[in-house]
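One structure below.
Since the structure is predicted, the reported quantities are computational estimates derived from the model, not experimental observations. Position 1 is the first residue of the sequence, and the numbers go up from there.
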Amino acid sequence: MNSLSSLRHDWTLAEIETIYTAPLSDLIFRAQQVQRTYHRADEVQGCVLLSIKTGGCPEDCAYCPQSAHYATGVAREDLISLDQMREAAVAARAQGATRFCMGAAWRDAAPGTAFDRVLEMVRVVRGLGMEACCTLGMLTDEQAAALGAAGLTAYNHNLDTSPEFYGTIITTRTYADRLATLARVRQAGITVCCGGIIGMGEGRTVRYGLLRQLASLDPHPESVPINLLVRVAGTPLGDLPPEDPFELVRTIATARILMPASVVRLSAGRLSLTDEAQALCFLAGANSVFLGDRLLTTPNPGADEDRRLLDKLGMRLREPAETT
């Protein structure tokens with residue numbers, strides 16, 4: 001039987017390195033044992049991510065095509081209407097999604113009528129019987145409480161990378177700022193969706209640091225998205241070479257072992273992966289994917305492609321009745 005009381009929050013870098021660098025067959029075998037203890041091994045949760053306010057973000061995240069600092073061809077758009085959001089959420093549910101995520105390119109969640117509209121969007125998604133997740137930038141205590149009162153299931157606020165490497169990726173927001181928002185989300189009774197990105201030019205030691213930081217959060221994030229950098233022309237990271245997919249597999253497997261009860265989400269970058277690489281990610285412990293052909297502004301496999309792959313693997317999307 002699994003026990004949440006037995007989860008660890010004191011993993012050392014040396015322990016994480018030993019796990020991450022184990023022979024791949026041993027690493028995946030260990031991750032599968034953990035996966036089967038805490039989760040069903042034959043199902044993944046389907047999520048859809050919609051950009052509700054696109055472009056023009058004042059942050060300088062080196063990977064992001066929505067940053068106003070870079071010329072990437074992403075146009076600035078205002079917050080979408082409630083009807084547009086509802087139409088997208090209904091379509092997401094029809095695709096098999098049980099979680100609907102809404103992302104706004106803000107440094108801080110906008111106040112006033114814009115935030116009130118987001119609260120109504122959360123209520124609509126919950127009324128459709130889906131989990132609702134938002135990523136809106138940094139929050140005040142009052143905003144976090146209002147999102148919780150509206151029924152928000154989860155708030156996404158990624159750490160992106162390790163504390164030591166963070167300053168090479170973003171200078172307009174500190175690591176402490178990110179941790180403070182996560183604390184506000186917890187205080188409001190909202191579950192935490194928090195992960196990072198690999199392939200940004202970092203070495204393995206940086207990944208160990210990110211994983212240790214995530215696993216040190218108490219409680220662990222209920223959702224841990226692991227993103228593979230999508231290289232976008234015009235961003236500072238646009239010309240980086242592609243990351244070895246086995247590094248993604250190792251990162252996912254290590255996350256699964258360190259945070260057994262969390263949902264590990266195979267997130268951005270899937271379009272660059274073969275079916276075989278994605279299958280290894282599922283074997284390594286990933287148990288959620290984003291459906292639909294776009295993740296905010298970057299491409300993603302279509303829902304039909306995902307169903308085809310899951311069928312080949314003998315896996316299925318989680319049924320709505322099983323969501324929490």
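- For the 3.5 Å distance criterion, the side chains of T251 and R207 fail to qualify, holding no donor opposite an acceptor.
- Here the CG-CD1 distance, from L228 to I197, works out to 10.0 Å after rounding to the nearest 0.5 Å.
- Here the shortest heavy-atom pairing between V263 and S288 reads CG1-CB, 3.6 Å.
- When side chains are defined from C-beta on, P221 counts as touching L217, because their heavy atoms get closer than 4.5 Å.
- Just one residue in the list E247, E243, E17 forms a salt bridge (Lys or Arg N to Asp or Glu O under 4.0 Å) with R204, and that residue is E247.
- For residues 214-241, the pairs satisfying salt bridge (charged side-chain N to carboxylate O under 4.0 Å, His left out) are R186-E222, with sequence neighbours left out.
- Cluster membership for V122 and M138, using ILVMFWY side-chain heavy atoms within less than 4.5 angstrom, is not shared.
- Using a 4.5 Å cut-off on side-chain heavy atoms (C-beta onward), L179 and Q213 make contact.
- Judged purely by distance below 3.5 Å, without hydrogens or angles, the side chains of Q84 and S81 pair a donor atom with an acceptor atom.
- Counting non-hydrogen atoms of neighbouring residues, nucleotides and ligands closer than 6.0 angstrom, the CG atom of D275 exceeds 12 such neighbours.
- Donor-acceptor pairing under 3.5 Å is recorded for the side chains of T171 and D60.
- Under the side-chain hydrogen bond (donor to acceptor under 3.5 Å, both in side chains) criterion, R123 pairs with E120, sequence neighbours left out.
- Taking each heavy atom of T153 and T191 in turn, the nearest pair found is O-OG1, 2.6 Å.
- For T174 and D177, the side-chain atoms include at least one donor-acceptor pair closer than 3.5 Å.
- The stretch residues 155-201 participates, sequence neighbours left out, in these ring-ring contact (aromatic ring centres under 6.0 Å, His included) pairs: Y166-Y175.
- Applying the side-chain contact (heavy atoms from CB on, under 4.5 Å) test to A215 and every residue at least two apart in sequence or in another chain returns W11, H220, L258, M259.
- For C61, the side-chain contact (heavy atoms from CB on, under 4.5 Å) partners are E59, Y63, C64, I170, R178, not counting sequence neighbours.
- In terms of heavy atoms, P260 sits closest to V34 at CB-CG1, 3.4 Å.
- Side-chain heavy atoms closer than 4.5 Å link hydrophobic residues (I, L, V, M, F, W, Y) into clusters, and following such links, possibly through other members, connects L214 to Y20.
- Grouping the Ile, Leu, Val, Met, Phe, Trp and Tyr side chains by contacts below 4.5 angstrom, directly or via other members, places W106 with M121.
- At a cut-off of 3.5 Å, with distance as the only test, a side-chain donor of R265 or Q45 sits close to an acceptor on the other residue.
- D42 meets the side-chain hydrogen bond (donor to acceptor under 3.5 Å, both in side chains) test with R40; sequence neighbours excluded.
- Linking ILVMFWY side-chain heavy atoms closer than 4.5 Å, directly or via other members, places F29 and I252 in two distinct hydrophobic clusters.
- Hydrophobic clustering (ILVMFWY, side-chain heavy atoms < 4.5 Å, transitive): L313 and V289 are in one cluster.
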